[in-house]
Number of protein chains: 2
Amino acid sequence: MNGLKIGRVAEIVEVSVDTIRFYERRGLLPEPDRTDSGYRVYARGDVRRLRFIKKAQEIGFSLNEIAELLALRTDDRKTCEDVQRRVQTKIAVINERIIQLEAFRRALSRLEAACTGDSTPASECPVIEALDDESVGSCKSQTPLAEM
Amino acid sequence: MNGLKIGRVAEIVEVSVDTIRFYERRGLLPEPDRTDSGYRVYARGDVRRLRFIKKAQEIGFSLNEIAELLALRTDDRKTCEDVQRRVQTKIAVINERIIQLEAFRRALSRLEAACTGDSTPASECPVIEALDDESVGSCKSQTPLAEM
DNA sequence: ATACACCCTTGACCATACTCCAGAGTCAAG
DNA sequence: CTTGACTCTGGAGTATGGTCAAGGGTGTAT
């Protein structure tokens with residue numbers, strides 16, 4: 001039953017073969033066995049590991065963080081406490097991002113409320129004028145939204 | 001009073017000279033005049049435009065979006081309504097991201113609550129087990145956090 | 001025997017917003 | 001006349017998470 005080729009694994013886990021090879025390069029997957037002709041051969045444990053990666057991504061971990069979690073998982077010296085600490089850190093980071101996005105939203109809502117929404121020339125739109133001439137107020141963010 | 005060199009503009013607006021040249025390549029700034037020796041020469045209007053860019057970034061616009069806003073600003077055919085529509089779209093996008101992050105946070109909080117936080121081996125930590133074996137539940141997100 | 005699906009490696013490319021570097025020219029002060 | 005600060009161009013590098021393409025080998029069915 002063992003000995004899946006990369007295409008089959010990709011199908012089972014629903015990722016692309018490129019992604020699997022990419023994870024291997026990134027160190028998220030161990031180098032698999034090979035057939036004589038050089039084909040990668042995966043076992044059930046690799047499928048499980050890939051599913052782990054996918055689920056961890058879905059709840060917001062980056063690939064680097066997932067690599068850490070995977071390392072924790074197999075390190076006997078690491079405890080539940082270590083895992084909990086990472087989860088708590090992640091929650092704190094997410095909280096900060098939410099707060100920042102809410103600040104963006106407040107700033108935008110304020111601008112939007114000032115809009116007449118009519119056919120006034122864009123150059124005289126309160127939004128444009130605010131950006132052009134004045135402080136937009138309480139948004140002190142240093143991080144562009146695109147980085148979040 | 002006019003005729004600032006790039007270093008002075010960078011100082012005034014508090015961005016790097018590299019950033020200014022980068023914005024020029026990106027089309028956010030027009031190609032400035034040059035001295036005989038090829039130095040860029042900026043006028044007050046350029047400083048204002050740079051400040052516009054900075055403020056728009058602070059409230060969450062990407063450089064592409066800012067380019068659009070700048071184009072609106074100087075296009076006589078565009079109205080306050082056009083600007084308002086863009087702001088509303090941006091607010092909607094931010095709302096979605098907030099909702100998604102809140103889903104991440106819920107999923108993580110649930111996991112964290114299951115943690116004993118003690119010296120149980122990490123491999124038996126409920127968080128690891130959840131990622132390893134079961135569905136983590138209601139988080140249906142397709143978007144990794146890192147993309148947000 | 002040959003078509004076709006599958007696999008291999010290497011390396012480039014997408015978006016985002018810069019940052020840094022080399023190697024060279026410019027300019028003002030001492 | 002030299003020093004040092006400033007500027008120029010072009011291109012590479014950073015992080016993230018992949019995707020795609022070229023050019024080739026493998027494996028199986030007909």
Side-chain angles (χ1 to χ4, degrees), chain A residues 3-29 31-42 46 50 53-68 70 90 93 97 104 141-148, chain B residues 3-29 31-42 46 50 53-68 70 90 93 97 104 141-148:
Chain A
L4 301 161
K5 275 182 290 180
I6 196 168
R8 184 79 187 105
V9 173
E11 200 182 325
I12 291 170
V13 185
E14 295 181 271
V15 295
S16 74
V17 296
D18 280 326
T19 299
I20 294 175
R21 285 190 282 244
F22 172 70
Y23 287 170
E24 185 184 322
R25 276 202 304 284
R26 282 287 309 258
L28 291 170
L29 291 175
E31 294 199 3
D33 288 344
R34 300 286 182 136
T35 64
D36 289 348
S37 52
Y39 286 16
R40 288 173 178 79
V41 177
Y42 294 97
D46 296 308
L50 267 169
I53 294 168
K54 262 194 98 180
K55 282 182 205 159
Q57 267 194 310
E58 278 165 16
I59 60 175
F61 286 102
S62 71
L63 294 186
N64 280 342
E65 290 165 336
I66 292 167
E68 284 181 31
L70 284 165
K90 191 74 197 174
V93 169
R97 290 183 183 178
F104 290 159
S141 166
Q142 261 92 61
T143 311
L145 180 60
E147 281 179 23
M148 311 188 60
Chain B
L4 302 160
K5 276 183 287 177
I6 196 168
R8 184 78 188 105
V9 173
E11 201 183 323
I12 292 170
V13 186
E14 297 181 88
V15 295
S16 73
V17 295
D18 280 325
T19 298
I20 294 174
R21 287 191 281 244
F22 171 70
Y23 287 170
E24 185 184 323
R25 276 201 305 283
R26 281 287 310 258
L28 291 170
L29 291 176
E31 294 200 3
D33 288 343
R34 301 283 182 139
T35 64
D36 290 347
S37 52
Y39 286 15
R40 289 171 178 79
V41 178
Y42 295 97
D46 297 307
L50 268 169
I53 294 168
K54 260 194 102 182
K55 283 182 204 158
Q57 268 194 309
E58 280 166 12
I59 59 173
F61 286 101
S62 71
L63 294 186
N64 280 341
E65 289 165 336
I66 292 167
E68 283 181 32
L70 285 165
K90 192 74 197 174
V93 169
R97 289 180 183 181
F104 290 158
S141 166
Q142 261 92 59
T143 311
L145 181 60
E147 281 179 23
M148 310 191 58

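Here the structure is a predicted model, which means the values were calculated and not measured. Convention: sequence-line order gives letters A, B, ...; per-chain numbering from 1. The figures here come from the full heavy-atom set of this structure, side chains too, leaving out hydrogens, waters and symmetry mates.
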**OP:** Find the distance between CD1 (Ile66(A)) and OH (Tyr23(A)) and round it off to the nearest 0.5 Å.
**Re:** 7.0 Å
Round to a whole Å and report the spacing from [atom1] of [X] to [atom2] of [N].
X	N	atom1	atom2	answer
Phe61(A)	dT16(D)	CZ	P	15 Å
Leu50(B)	dC18(C)	CG	P	11 Å
Leu28(B)	dT16(C)	CG	C1'	13 Å
Arg25(B)	dC8(D)	CZ	C1'	12 Å
Ile53(A)	dG17(D)	CD1	P	12 Å
Glu24(A)	dT10(C)	CD	P	11 Å
Arg34(A)	dG25(D)	CZ	P	17 Å

If the cut-off is 4.0 Å, is [X] near the phosphate of [N], judged by side-chain N/O to OP1 or OP2?
X	N	value
Tyr23(A)	dG17(D)	no
Asn64(B)	dT16(C)	yes
Gln57(B)	dT16(C)	no
Arg40(A)	dC7(C)	no
Arg26(B)	dA15(C)	no

Subject >> Residue pair Arg21(B), Val17(B): steps toward the side-chain contact (heavy atoms from CB on, under 4.5 Å) verdict >> reply: CA-CA 6 Å; Arg21(B) 287 191 281 244; Val17(B) 295; 3.6 Å; yes
Polar atom pairs between nucleotides 27-29 of chain C and protein, under 3.5 Å, N or O only, would you list them?
residue	atom	partner	partner atom	Å
dC27(C)	OP1	Ser37(B)	OG	2.7

**OP:** Output the residues of residues 6-19 of chain B in contact with DNA chain D, where contact means a heavy atom of the residue under 4.0 Å from an atom of the strand; sort by number or write none.
**Re:** Ile6(B), Gly7(B)
**OP:** Begin with the C-alpha distance, continue with both residues' side-chain angles, and end with the deciding distance and a verdict on side-chain contact (heavy atoms from CB on, under 4.5 Å) for Leu63(A) and Gln57(A).
**Re:** CA-CA 7 Å; Leu63(A) 294 186; Gln57(A) 267 194 310; 3.7 Å; yes
Considering all heavy atoms, the nearest [X]-[Y] contact:
X	Y	answer
Leu29(A)	Asp46(A)	CD2-O, 4.4 Å
Lys90(B)	Gly60(B)	CE-O, 3.0 Å
Ile20(B)	Tyr42(B)	CG2-OH, 3.4 Å

Original post:
Quick one: bend of the helix from dA1(C)-dT30(D) to dG30(C)-dC1(D) from 5 pairs per end, to 10°?
Top reply: 40°
Original post:
Which is it for Leu50(A) and Thr19(A) under the side-chain contact (heavy atoms from CB on, under 4.5 Å) test, yes or no, and what are the steps along the way?
Top reply: CA-CA 10 Å; Leu50(A) 267 169; Thr19(A) 299; over 6 Å; no
Subject >> Of the listed nucleotides dC18(C), dC8(D), dG17(D), the one nearest the side chain of Arg21(B) >> reply: dC8(D)
**OP:** Using side-chain hydrogen bond (donor to acceptor under 3.5 Å, both in side chains) as the criterion, list what pairs up with Asn64(B), not counting sequence neighbours.
**Re:** Arg26(B)
Subject >> Test salt bridge (charged side-chain N to carboxylate O under 4.0 Å, His left out) applied to Asp33(A) - qualifying residues, sequence neighbours left out >> reply: none
Side chains of residues 3-14 of chain B: which donor-acceptor partners sit under 3.5 Å, not counting sequence neighbours?
residue	atom	partner	partner atom	Å
Arg8(B)	NH1	Glu11(B)	OE2	3.4

